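Here the structure is laid out as structure tokens; the discussion comes afterwards.
From a predicted model like this one, the values you see are computed outputs, not experimental measurements. Computed over heavy atoms, backbone and side chain alike; hydrogens, waters and symmetry mates excluded.
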Amino acid sequence: MTFLEVTFERLRQATKAPVLRELRGDQVHSVTGGELLAMVQQARSFLLARGMKKGDRCALLASNSIRWVAADLAMMAEGIVVVPQYSRQAPAELVGMMTDSAPARICCSNAALAAEIKHQWPAAPHITLLDSIFAAEAATPVPPQHHEDSDAVTIIYTSGTSGEPKGVVLNAGNVTYMLGCTNARLDQLMEDHTGTSGQAEGVFHYLPFCFAASWIVLLTALSRNSVLTLSTDLTKLSDELKVAAPHYFLNVPTLLERVRAKITEAIEKRGGLAAKVFSHAQQAYLRGHNHEHRFFDPLWLWLARSMMFPTVRKGIGPNLKALICGSAPLSVETQLFFMMIGIPVLQGYGLTETTGICTLDDPNHAVPGRVGPAIPGLEMRLAENGEILVRGPNIFPGYWQRPAETEKALEGGWFHTGDQGEVDATGNWRITGRIKNLIILNSGHNVAPEPLEEALVQHLLPCAEQVVLLGNQRSFLAALITAASHDGLTDAGIQSAIESVNSGLPHYKQIRAFLVLPEPLSQENGLLTGNGKPRRDAIAARYAAEIDQIYQKKTA
């Protein structure tokens, strides 16, 4: 059975049981498996009535919701290729990706965004609001169309090093194989859960479904005995977690780092014995991790685990068995922090081209700082330059309408990830850096630096000479600037130029801090290559202290 056939069968079995919940302020909207199937049939009928057919592409431009899920399933059930788009993306960028994929129809949840798309793209296909798709009376659900493994089910756009988004085509075989792997890992995690006697797993979700790993989590949850609770307001995650009370959920490092900082700050503000116990417990745990045991260490940990950590865990989620983290490297310190308070953090690594996942931590043996072994059936090895190469059933068939780039990415039968890594004797991987220049923020967003660097230089001419963007594994972008002439290059002028560049960009592409370097980048000082390109690692090393001050000052 394909992943879609398995999902429809699971929903049919859960006809009267809740499978999806959507948090809307103080309200919780829930649908059963039967109700979701009815919504899916509504959308299928709508699409068929508008002439949509197998192989057509349809853009899905909306934030997470039950309707997003129903529309996605409906399109795939009719053999329509879904092109999900990030609703917070700049309209001009959305138009560029949709022009490239040439959808027969656009489904959008926001009337204002739909109007802006139409304004910027007068030749756009018909734009349908999700509300109208689900206005009709539901028909009797029918099974989905059967997919061959080679049938495309989605085109997910991702940024390349050139800054031009590329459409990653994923087929039914990719997704079916991946869900087998994710379900196997979750079976390990939940093996002692009372779900074996019929109780559903609780899953919380706040990451946009238009991202590959997030979408795989959605499909995995729908294919197993679980209730997936969708967040609709990122400012209320703490309150929403209390309502959801999940057993596990997917994260990006940014959130876990914020949670860690908030807990630490709250305990330090309390002061007294609590702060002392907490401080010594952390030191003890880190020494234990580094094999530097001391005779009094167990006492501090015992006190913290008895007096404090149960309350801390309850505040995050009383039912949590693990936090799952991906999309960007998580600091070892943050992973150890959650392990110390009794919440395992399981990491995964992958790219859109690998159907979101290459490696997954073993729930029974997670090693801090590493991202787990390769999923079963996937081969991973290192090229001579340290680049991670992978091949297996989850590797995409190619980029949409980009045969030359597809051939390059899949050269020699291996997908070239652009990442550097290392693997230990047990097959556990660690990601050490990027071959390419793509910046990966700790929110998981990918940013190609070159277009933004060029734009800022153009705004600063003739005063500025070079711009290098920072932000890898950080929470925002910052710019290093070298001056052609310090005359006229003022802080106010730089800030004005940055504001001009930021205008119209999504939040994660906006530059939020800058530093003027004392000397230009050159081949002589080792900061430029022979063909005039910045040596980014060398620049980061030379100005490490100054760069740290930029981020500390901005987040203080």
Side-chain angles (χ1 to χ4, degrees), residues 55-59 81-86 89 92-104 121 123 148-175 177-178 210-212 350-358 378-421 433-440 445-455 509 529-534 536:
D56 284 346
R57 292 166 301 285
C58 186
V81 180
V82 187
V83 187
Q85 302 281 279
Y86 186 36
Q89 196 99 359
E93 295 180 350
L94 292 170
V95 168
M97 290 181 283
M98 288 189 286
T99 302
D100 180 68
S101 60
W121 187 17
E148 298 299 329
D149 282 351
S150 60
D151 287 342
V153 293
T154 189
I155 300 174
I156 300 178
Y157 277 82
T158 184
S159 296
T161 54
S162 67
E164 187 176 3
K166 292 178 289 189
V168 175
V169 179
L170 297 178
N171 60 36
N174 296 147
V175 181
Y177 190 84
M178 182 53 65
C210 56
F211 299 146
L351 301 92
T352 305
E353 294 91 335
T354 65
T355 321
I357 297 169
C358 290
L378 179 70
E379 298 177 77
M380 294 180 64
R381 69 177 178 88
L382 292 173
E384 290 184 2
N385 64 351
E387 182 180 14
I388 300 172
L389 308 181
V390 298
R391 68 181 178 187
N394 60 316
I395 304 304
F396 77 134
Y399 295 111
W400 174 253
Q401 294 187 326
R402 293 174 183 263
E405 292 185 54
T406 296
E407 184 177 359
K408 182 179 179 181
L410 299 174
E411 183 180 357
W414 294 80
F415 172 59
H416 295 244
T417 66
D419 290 311
Q420 290 178 308
R434 293 285 296 172
I435 296 291
K436 302 174 183 177
N437 293 335
L438 198 66
I439 292 174
I440 303 181
H445 290 102
N446 294 353
V447 180
E450 292 91 342
L452 295 175
E453 290 167 346
E454 178 62 21
K509 284 191 176 181
T529 64
N531 59 2
K533 294 183 179 180
R536 296 176 188 274

For ring pair (Phe, Tyr, Trp, His ring centres under 6.0 Å), just list the numbers for Y86 and F211, CA-CA rounded to whole Å, side-chain angles, deciding distance to a tenth of an Å, and then say yes or no. CA-CA 8 Å; Y86 186 36; F211 299 146; 5.3 Å; yes
Closest non-hydrogen contact found for L170 with T352 is CD2-O, 3.6 Å
Value for NE2 (H445) from NZ (K509), rounded to nearest 0.5 Å, stands at 10.0 Å
Between H416 and E411, the two heavy atoms sitting closest are NE2-O, 3.2 Å
(request) Please confirm whether the backbone N or O of L389 pairs with a side-chain atom of R381, one donor and one acceptor, at under 3.5 Å? (result) no
Can a donor-acceptor pair be found, under 3.5 Å and without considering hydrogens, that links the side chain of T154 to the backbone of V82? yes
If you apply the rule side-chain contact (heavy atoms from CB on, under 4.5 Å), what do you find for V83 with M98, and how did you get there? CA-CA 8 Å; V83 187; M98 288 189 286; 5.7 Å; no
Query raised in the report: Hey, does the side chain of T354 reach the backbone of G350 with a donor-acceptor pair shorter than 3.5 angstrom?
Result: no
Of all heavy-atom pairs linking N174 and P393, the shortest is ND2-O, 3.0 Å
In this structure, CD of Q89 is separated from CD of Q85 (nearest 0.5 Å) by 7.5 Å
Of all heavy-atom pairs linking W121 and V95, the shortest is CB-CG1, 3.8 Å
| I155 side chain reached by V168 side chain, heavy atoms, under 4.5 Å | no
In this structure, CD of E454 is separated from CG of L452 (nearest 0.5 Å) by 11.0 Å
Exercise for the section: Identify whether the distance between the nearest side-chain nitrogen and carboxylate oxygen of R536 and E453 falls below 4.0 Å. Expected result: yes
Residues 385-397 vs side chain to side chain donor-acceptor pair (under 3.5 Å), sequence neighbours excluded, gives E379-R391
Do M97 and L94 touch side chain to side chain, with heavy atoms closer than 4.5 Å? yes
Going through the distances and angles, do V153 and N171 end up as a side-chain contact (heavy atoms from CB on, under 4.5 Å)?
-> CA-CA 5 Å; V153 293; N171 60 36; 5.7 Å; no
Heavy atoms of T406 and P397 approach each other most closely as CG2-O, 3.8 Å
Scanning both residues in full, the closest heavy-atom pair of R402 with P165 reads NH2-O, 3.3 Å
When rounded to the nearest 0.5 Å, the distance separating CG of L351 from CD1 of I156 is 12.0 Å
In this structure, OH of Y177 is separated from CG of D149 (nearest 0.5 Å) by 12.0 Å
- prompt: Mind checking whether V390 and T417 have side chains closer than 4.5 Å, heavy atoms only?
  reply: yes
| message | Regarding D100 and Y157, do their side chains bring together a donor and an acceptor under 3.5 Å, going by distance alone? | response | yes
In this structure, CZ of F415 is separated from CD1 of I388 (nearest 0.5 Å) by 10.5 Å
Given the options E405, E353, K408, Y399 meets side chain to side chain donor-acceptor pair (under 3.5 Å) only with E353
